[in-house]
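Below: one structure, written as structure tokens.
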Protein chains: 2
Amino acid sequence: MRLSKRGEYGLRAMISLANMLDANQQNPIIPIKEISRTENIPIKFLEQILLTLKNAGLLQSKMGFGGGYYLAKPPTEINLGQIVRILDGPLAPIRCVSQMAYEPCACPNEATCGLRMVMRDVRNAIANILDNTTLADVTERVNRTPFEV
Amino acid sequence: MRLSKRGEYGLRAMISLANMLDANQQNPIIPIKEISRTENIPIKFLEQILLTLKNAGLLQSKMGFGGGYYLAKPPTEINLGQIVRILDGPLAPIRCVSQMAYEPCACPNEATCGLRMVMRDVRNAIANILDNTTLADVTERVNRTPFEV
DNA sequence: TCATATTCTATTATCATAGTAGGCTATATA
DNA sequence: TATATAGCCTACTATGATAATAGAATATGA
């Protein structure tokens with residue numbers, strides 16, 4: 001049930017970019033090198049990950065001197081489910097309960113397959129959290145945390 | 001976020017064994033070959049899986065003629081979380097939120113790590129389902145299903 | 001003693017993961 | 001316009017996990 005490094009790094013990078021919005025919600029342009037340094041992610045690996053997220057429409061970039069990456073949409077409109085699916089594929093533990101990549105499984109009758117019923121619940125539980133948590137939610141939660149503890 | 005074939009086959013086999021309890025809850029001894037056939041699982045692969053589950057204390061076996069596997073405990077006392085952990089390892093998407101196999105992650109401060117907060121929720125959601133679903137629950141749910149639909 | 005069944009270890013093919021390498025293209029600025 | 005900076009893109013590789021397969025050894029009932 002694990003998240004790959006690819007997925008983890010991608011999430012960390014996106015959360016990091018969302019945290020860099022200033023008070024006016026202006027979207028700063030951050031070079032890969034800087035994200036790599038602050039998040040401790042191998043730079044060439046991060047390049048690939050950010051490029052993938054860009055091609056999927058979650059990031060935009062500016063090339064050349066003074067360039068870098070920035071969020072393609074406000075943090076309220078990007079959720080963690082999107083990011084994980086782009087980098088790691090379906091959230092579902094087994095394909096026969098996947099919404100985005102359904103495939104039939106080997107069991108004789110899917111409608112009465114006990115494993116499938118439970119795994120559908122698991123998929124829905126994961127999706128409910130990740131699809132309903134935006135980058136803005138994460139930022140807000142982190143900012144709130146020190147005062148709660 | 002996926003379940004391996006190993007984990008899937010193990011769950012199917014255990015659910016299958018639980019379904020074979022008769023009205024008196026007597027625990028029949030089922031040879032690997034039979035489970036392999038009914039569940040469409042490669043027999044030599046299933047051998048390894050059942051042996052692992054036996055060594056972990058969830059199954060018992062009888063060797064020789066008339067032998068096979070049977071549940072070590074009543075289906076009400078075996079939950080899916082145990083099975084998955086034995087075959088696939090921790091339920092947590094990342095190690096730093098694992099209860100059974102915690103490892104520190106690379107982030108500077110775990111207490112204020114946004115990714116960690118969300119992934120802890122995901123871990124708990126998965127664990128709440130799998131640790132609270134017994135083999136008996138699965139059997140009961142399947143038996144109830146046709147009448148609901 | 002034979003057929004059946006589990007036990008146990010080794011081996012293997014394939015794929016995913018987690019990178020690394022290097023050349024190419026675009027852009028600001030000196 | 002040269003240069004440094006920064007993203008774009010493709011290829012490659014090492015490692016380990018996954019999903020088996022193979023075969024011999026051991027136990028047991030008839």
Side-chain angles (χ1 to χ4, degrees), chain A residues 1-13 17 28-37 39-72 84 86-90 93-95 101 105-106, chain B residues 1-13 17 28-37 39-72 84 86-90 93-95 101 105-106:
Chain A
M1 301 279 177
R2 66 185 260 285
L3 183 71
S4 71
K5 283 290 174 190
R6 207 176 144 73
E8 181 188 330
Y9 293 161
L11 286 167
R12 286 194 193 285
L17 285 172
I29 299 184
I30 312 291
I32 297 179
K33 195 174 23 168
E34 187 178 329
I35 304 175
S36 163
R37 199 173 41 237
E39 299 292 329
N40 270 303
I41 302 172
I43 191 164
K44 295 297 282 181
F45 195 18
L46 186 57
E47 261 187 32
Q48 291 174 19
I49 294 167
L50 297 188
L51 193 55
T52 303
L53 291 171
K54 184 203 162 173
N55 291 335
L58 298 193
L59 287 177
Q60 289 193 306
S61 64
K62 192 185 163 196
M63 284 181 82
F65 190 99
Y69 279 97
Y70 55 100
L71 299 180
V84 172
I86 291 164
L87 296 173
D88 271 20
I94 50 181
R95 281 304 179 84
C105 60
Chain B
M1 301 278 177
R2 68 185 260 285
L3 184 71
S4 71
K5 282 289 172 191
R6 208 177 142 73
E8 180 187 331
Y9 292 161
L11 286 167
R12 285 195 195 284
L17 284 172
I29 299 185
I30 312 291
I32 296 179
K33 194 174 22 168
E34 188 178 330
I35 304 175
S36 163
R37 196 171 45 236
E39 299 292 329
N40 271 302
I41 302 173
I43 190 163
K44 296 296 283 181
F45 194 18
L46 186 58
E47 263 186 30
Q48 293 173 19
I49 294 167
L50 297 188
L51 194 53
T52 303
L53 290 171
K54 185 203 163 175
N55 291 334
L58 297 192
L59 287 177
Q60 290 192 307
S61 65
K62 193 183 163 199
M63 284 180 83
F65 190 99
Y69 280 96
Y70 55 101
L71 298 180
V84 173
I86 290 164
L87 297 173
D88 271 20
I94 50 180
R95 281 302 179 86
C105 61

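Every chain is numbered from 1, with letters handed out A, B, ... down the list of sequences. Because the structure is a prediction, the values reported are computed rather than measured.
Among the heavy atoms of the strands lying under 4.0 Å from I32(B) are primed sugar atoms or P, OP1, OP2 only; no base atom is included.
Atom P of nucleotide dT18(D) and atom CG of L3(B) are separated by 11 Å, given to the nearest angstrom. In this entry the distance linking CD1 of I49(B) with P of dT21(D) reads 11 Å, nearest Å. Whole-Å rounding puts the K5(B) NZ to dA20(D) C1' distance at 12 Å. Following rounding to the nearest Å, L46(A) (CG) and dC9(D) (P) show an atom-to-atom distance of 16 Å. Here dA27(D) presents its C1' atom at 14 Å from CD1 of I29(B), a figure rounded to the nearest Å. Atom CG in L50(A) sits about 14 Å away from atom C1' in dC9(D), given to the nearest Å. Distance, F45(A) CZ to dA11(D) C1': 16 Å, rounded to whole Å. Atom CD1 in I43(A) sits about 13 Å away from atom P in dT5(D), given to the nearest Å.
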| field | side-chain contact (heavy atoms from CB on, under 4.5 Å) between L3(A) and L11(A), intermediate numbers included | value | CA-CA 10 Å; L3(A) 183 71; L11(A) 286 167; 3.8 Å; yes
| task | Evaluate the side-chain contact (heavy atoms from CB on, under 4.5 Å) criterion for residues I49(B) and R6(B): first the C-alpha distance (whole Å), next the side-chain angles of each, then the deciding distance (0.1 Å), finally the verdict. | result | CA-CA 7 Å; I49(B) 294 167; R6(B) 208 177 142 73; 4.2 Å; yes
| message | With side-chain contact (heavy atoms from CB on, under 4.5 Å) as the criterion, how do D88(A) and M1(B) come out once you've worked through the C-alpha distance, each side chain's angles and the decisive distance to 0.1 Å? | response | CA-CA 8 Å; D88(A) 271 20; M1(B) 301 278 177; over 6 Å; no
| task | Take Y69(A) and I32(A), measure what side-chain contact (heavy atoms from CB on, under 4.5 Å) needs, and give me the verdict at the end. | result | CA-CA 7 Å; Y69(A) 279 97; I32(A) 297 179; 3.6 Å; yes
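C105(B) places a side-chain heavy atom less than 4.5 Å from the side chain of R12(A). Within the 4.5 Å cutoff, the side chain of L51(A) has no heavy atoms near those of the L59(A) side chain. Looking only at side-chain heavy atoms (C-beta outward), K33(A) and I43(A) come within less than 4.5 Å of each other. A heavy-atom distance below 4.5 Å is found between the side chains of Y9(B) and P42(B).
With hydrogens and angles ignored, the 3.5 Å screen pairs no side-chain donor or acceptor of S61(A) with any backbone N or O of G68(A).
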Every protein N/O within reach of nucleotides 28-30 of chain D N/O, cut-off under 3.5 Å:
| from | atom 1 | to | atom 2 | distance (Å) |
| --- | --- | --- | --- | --- |
| dT28(D) | O2 | F65(B) | N | 3.3 |

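You won't find any donor-acceptor pair under 3.5 Å spanning the side chain of K33(A) and the base of dG7(D), going by distance alone. Looking at E47(A), its side chain comes within 3.5 Å of the base of dC9(D) through a donor and an acceptor atom.
Nearest-nucleotide positions on DNA chain D for G68(A) and S4(B) put G68(A) closer to the 5' end. For R6(A) and K44(A), each mapped to the nucleotide of DNA chain C holding its nearest heavy atom, the one lying further toward the 5' end belongs to R6(A). Where S61(B) and Q48(B) meet DNA chain C, the nucleotide closest to each residue was compared, and S61(B) sits on the side nearer the 5' end.
I35(B) and A13(B) get closest at one heavy-atom pair: CG2-CB, 3.9 Å.
Using a 4.0 Å cut-off, some side-chain N or O of Y9(B) falls inside it from OP1 or OP2 of dA20(D).
Boundaries of the chain B contact region on DNA chain C are dT4(C) to dA10(C), first to last in 5' to 3' order (nucleotide atom under 4.0 Å from a heavy atom).
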